[in-house]
Number of protein chains: 2
Amino acid sequence: MDAEQAPVDMSSGHEDHLKRDRTARSFVTSEDVARLAGVSRSAVSRTFTPGASVSADVRHRVQEAAKTLGYRVNRLARSLISDQSNLVGVVGANLSLPFMARQLDELSRALLRRGMQCLLLNAAEAEQGITPLIELILEFRVRAIVVMSGSPPTSIIDECMANGVRVILVNRQADDTEADTIISDDIGGARIAAERLLQAGCRRIGVVGSGAQTPTQIRRRGTFVDWIKDAGIEPAVWASGNTLYETGVEAARGLLASHDLDGVFCVTDLMALGFLDGARMMGRRIPEDLSVIGFDDIPQSAWASYRLTTVRQSMSDLTGSVLAAIEREMSGEGMAPLAHEVLPVELVERATVRSTV
Amino acid sequence: MDAEQAPVDMSSGHEDHLKRDRTARSFVTSEDVARLAGVSRSAVSRTFTPGASVSADVRHRVQEAAKTLGYRVNRLARSLISDQSNLVGVVGANLSLPFMARQLDELSRALLRRGMQCLLLNAAEAEQGITPLIELILEFRVRAIVVMSGSPPTSIIDECMANGVRVILVNRQADDTEADTIISDDIGGARIAAERLLQAGCRRIGVVGSGAQTPTQIRRRGTFVDWIKDAGIEPAVWASGNTLYETGVEAARGLLASHDLDGVFCVTDLMALGFLDGARMMGRRIPEDLSVIGFDDIPQSAWASYRLTTVRQSMSDLTGSVLAAIEREMSGEGMAPLAHEVLPVELVERATVRSTV
DNA sequence: GCAACCTTTGCACACGTGTGCAAATCTTTC
DNA sequence: GAAAGATTTGCACACGTGTGCAAAGGTTGC
């Protein structure tokens, strides 16, 4: 008698009970919505999938029910089934430095506008390179990885490509691997700086870089030195410390104590601003005694205390190229061609280079 | 004859074929690892789950196989089953502004150190408030949401809490809801600034704020005005524009043209730096003619051209409190108590306030 | 050698979603 | 009004993982 009732309860009621228990302290699922709307779970799924076939009536009922229950599709499950998320991994260090901060600001905004989201990994904590960071990102089946700091080894890049994850290197060198690389024209910029100083009549010239051995640093400094030497001048070189304001101050103290320079190129605006302050502390008048050119064009360079003449990297070009590379993967079926872009730079004339006599 | 082969192939071979097809162009799964290591999939799962029971032998074999195949656990699937990811959602706008950038830098670093990752949403794109952004974050079943910009309405906060997602408001007001709020002591800081200017002998006092109606702005400006009035002085007030350097310049031009001030409090360092430059352009000597105090202590305030005396928010305190709030949720079983912290600030004396006579 | 106990292993189910396929419903055309 | 076509719907399987449960294996103590 009781055996007749029990099994029925166990088989049909058991599942219901468990479900209700879970949803009470957890999220609303599409099944809950389907039940309330009186349709199948498929209908719910299709309602939230753009381009799927649902009648207006059902769509409306589902949306109503979803609203009532506070339903949100579970991105984890959706990404699991489609084996791809709308996430883009971003690796960057020194996020507080003006140039990097602007880059991240623009990039995260652009991604959001295209319906993607930004999984941010701070490379500052990475003692053993950024490979472990990229592995963390890969665990989320991201659509692409943007590297703005550190240089990933070939092995990990290849692995990403093998899994259909695009790797985009911004201002990082890795010519021999299968990654998109997008860099500003450091060589052209350094040449412009050299030409401008020479044109201004500078003859005792110096260059300030940090001790960091990044390709960008080396390219800017090296190119500048070459051009100055071509003009028959042996430039004074500073190359130590971090890529910071303080290093610029230090460089001014060190360089100007031993050399009576009248023209200096700093490979980074941040260092240039420090250099300006350092030079002023040593009694130099800018630009009468000493002309200074920077590189990047960060917001602070336009401030009234500095008005730094500098080589501008176009932030919008940079962001645009990164996004184009990401979307190339999404649209095309097969392996989209890799980008190897070199973006043009331009000289921004302000007030730290003396006018040509 | 052929009908005999076909069904067999379809039923048993079909699945295998599909699997192999997928894994070829996709990621390695735990099943692949299990097969190579000659164990069950459970063993693989347990090998990568801290604290699970696996023999040393099996663990070794699994790790070997995983290494060979380049296996990485699928975070999406793991999070799906455990209904929680190691993600923390971060909402912020104006990421390129120095204070925000530093905050994000420290936070992302701290999160990574604790094994969490940072899902970044840029609130700049949010015309209709940050509710849609928070919804996007919720879709990833994040562990917590840190809001550094914009103020979420009560409804969405309650919904987060109901789903076990902690909402942490940094320098945002929302006293009446179930969110952790962590703010710097704006009131105390404004008082310190007022006292310091009065102590320096300033009698013709002004205050510079932006037009933004954020609680932080209002609190700092309002408190300062009250304290100055208490001293029997009617302060000049500037309150328009964005919270930017340029606004500071504009404020100096506007305020100093009509008032001959000898002491000014800027509610933000960024505006204070602009104000300094603007005041200098108008011929004021700092601090002889005019004393200036800022708020935040951004890196630029220490630069030699400014040496701004300012009220410092402790970045490490801020980050520490945010992390504590996140981890409180993880450790405790039940609903952990909400934080309503007000962090102390301190005056950093530099060179923009004249020494007491 | 056997009982008692602890550790390790595999099975099977669950998580919440997308989607191919066939059935069902609606629309159009003659 | 029926046939042909177009649209909508539900079923059922798949995605890759964690974990309770019971069986199996290993160890200890008498």
Side-chain angles (χ1 to χ4, degrees), chain A residues 14-15 17-19 21-23 25-35 37-62 66 69 71-86 138-141 163, chain B residues 10-11 14-23 25-35 37-62 66 69 71-86 138-141 163:
Chain A
H14 176 63
E15 204 179 307
H17 173 64
L18 260 184
K19 277 258 162 59
D21 224 16
R22 292 261 174 185
T23 51
R25 59 175 206 82
S26 182
F27 285 80
V28 179
T29 78
S30 62
E31 174 131 20
D32 300 331
V33 177
R35 204 178 305 139
V39 297
S40 81
R41 207 181 47 68
S42 307
V44 178
S45 174
R46 287 192 243 265
T47 299
F48 290 99
T49 305
S53 152
V54 213
S55 70
D57 174 42
V58 169
R59 154 168 275 128
H60 183 72
R61 284 221 310 280
V62 168
L69 264 40
Y71 170 72
R72 263 177 289 274
V73 11
N74 186 330
R75 258 330 203 281
L76 300 170
R78 169 180 282 188
S79 300
L80 176 60
I81 184 76
S82 60
D83 208 23
Q84 185 165 74
S85 64
N86 66 336
L138 277 179
E139 291 179 1
F140 279 97
R141 306 304 189 247
N163 288 326
Chain B
M10 288 298 270
S11 65
H14 176 62
E15 204 178 307
D16 246 3
H17 173 65
L18 259 184
K19 276 255 165 62
R20 202 156 303 156
D21 224 16
R22 290 263 174 184
T23 50
R25 62 177 205 78
S26 183
F27 285 79
V28 179
T29 76
S30 61
E31 175 132 20
D32 301 331
V33 177
R35 204 178 305 139
V39 297
S40 80
R41 207 181 46 69
S42 306
V44 178
S45 173
R46 289 192 241 263
T47 298
F48 290 98
T49 306
S53 152
V54 213
S55 70
D57 175 42
V58 169
R59 154 167 275 127
H60 183 72
R61 283 220 310 281
V62 168
L69 264 39
Y71 171 71
R72 263 177 288 276
V73 12
N74 186 330
R75 250 350 200 265
L76 300 170
R78 169 180 282 190
S79 300
L80 177 60
I81 184 76
S82 60
D83 209 21
Q84 184 164 76
S85 65
N86 66 336
L138 277 179
E139 292 179 1
F140 279 98
R141 305 303 187 249
N163 288 326

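Only this structure's heavy atoms are used, side chains among them; waters, hydrogens and symmetry mates stay out. Naming: A, B, ... by sequence-line order, numbering from 1 per chain. All of these numbers come straight from a predicted model, not from anything done at the bench.
Taking all atoms of both residues into account, the shortest heavy-atom contact from V39(A) to V58(A) is CG1-CG1, 4.1 Å.
The distance between atom CZ of R141(B) and atom P of dG18(D), rounded to the nearest whole Å, is 18 Å. If you take CZ of R72(B) and P of dC15(D), they are 20 Å apart, rounded to a whole angstrom. To the nearest angstrom, C1' of dT17(D) lies 16 Å from CD of Q84(B). The CZ-C1' distance, from R78(B) to dT17(D), rounds to 8 Å in whole Å. Between the NE2 atom of H60(B) and the P atom of dT8(C) there is a distance of 17 Å, given to the nearest Å. Summarising the geometry, the separation between CD1 on I81(B) and C1' on dA14(C) is reported as 5 Å, rounded to the nearest angstrom. Between D83(B) atom CG and dT17(C) atom P there is a gap of 10 Å when expressed in whole angstrom units. For F48(A) and dG18(C), the CZ to P distance is 10 Å, given to the nearest whole Å.
S82(A) comes within 4.0 angstrom of nothing in the nucleic acid, heavy atoms only. At a threshold of 4.0 angstrom between heavy atoms, the contacts of R75(A) with the nucleic acid are absent. As judged by a 4.0 angstrom heavy-atom cut-off over every strand, V44(A) is placed among residues making no nucleic acid contact.
Between the side chain of S55(A) and the base of dC26(C), no donor-acceptor pair of N or O atoms lies under 3.5 Å.
Distances from the side chain of T29(A) to the nucleotides dG18(C), dG16(C), dT19(C) place dG16(C) closest. The L80(A) side chain lies nearest to dG16(D) when the options are dG18(D), dT9(D), dG16(D). Each of dT9(C), dT9(D), dT17(C) was ranked by its minimum atom distance to the side chain of R46(A); first place goes to dT9(D). Residue T49(A) has its side chain nearest to dG18(C) when only dG16(C), dT19(D), dG18(C) are considered. Here the nucleotide nearest the side chain of V54(B), chosen from dT9(C), dT19(D), dT8(D), is dT9(C).
For the helix from dG1(C)-dC30(D) to dC30(C)-dG1(D), the terminal axes (five pairs an end, C1' atoms, rotation from four pairs onto the next four) enclose an angle of 30°, given to 10 degrees.
Here the straight-line distance linking atom CZ of R78(A) with atom CD of Q84(A) works out to 12.5 Å at 0.5 Å rounding. Between atom CG of residue N74(A) and atom CG of residue L138(B) there is a gap of 11.0 Å, rounded to the nearest 0.5 Å. E31(A) contributes atom CD, which lies 12.5 Å from atom OG of S45(A) (distance to the nearest 0.5 angstrom).
Taking 4.5 Å as the limit, every side-chain heavy atom of E139(A) sits out of range of all side-chain heavy atoms of N86(B). Within the 4.5 Å cutoff, the side chain of R35(B) has heavy atoms near those of the D32(B) side chain. Side-chain contact between V33(B) and V28(B) is present, with at least one heavy-atom pair separated by less than 4.5 Å.
Note on S53(B): a side-chain N or O is less than 4.0 Å away from OP1 or OP2 of dT8(C). Using a 4.0 Å cut-off, no side-chain N or O of S40(B) falls inside it from OP1 or OP2 of dT9(C). For the OP1/OP2 pair of dT17(D) and a distance below 4.0 Å, the side-chain nitrogens and oxygens of S30(B) include at least one atom meeting the criterion.
The backbone N or O of R141(B) sits less than 3.5 Å from a side-chain atom of S85(B), completing a donor-acceptor pair.
Toward the 5' end of DNA chain D, the nearer of the two residues S42(A) and A56(A), judged by each one's closest nucleotide, is A56(A).
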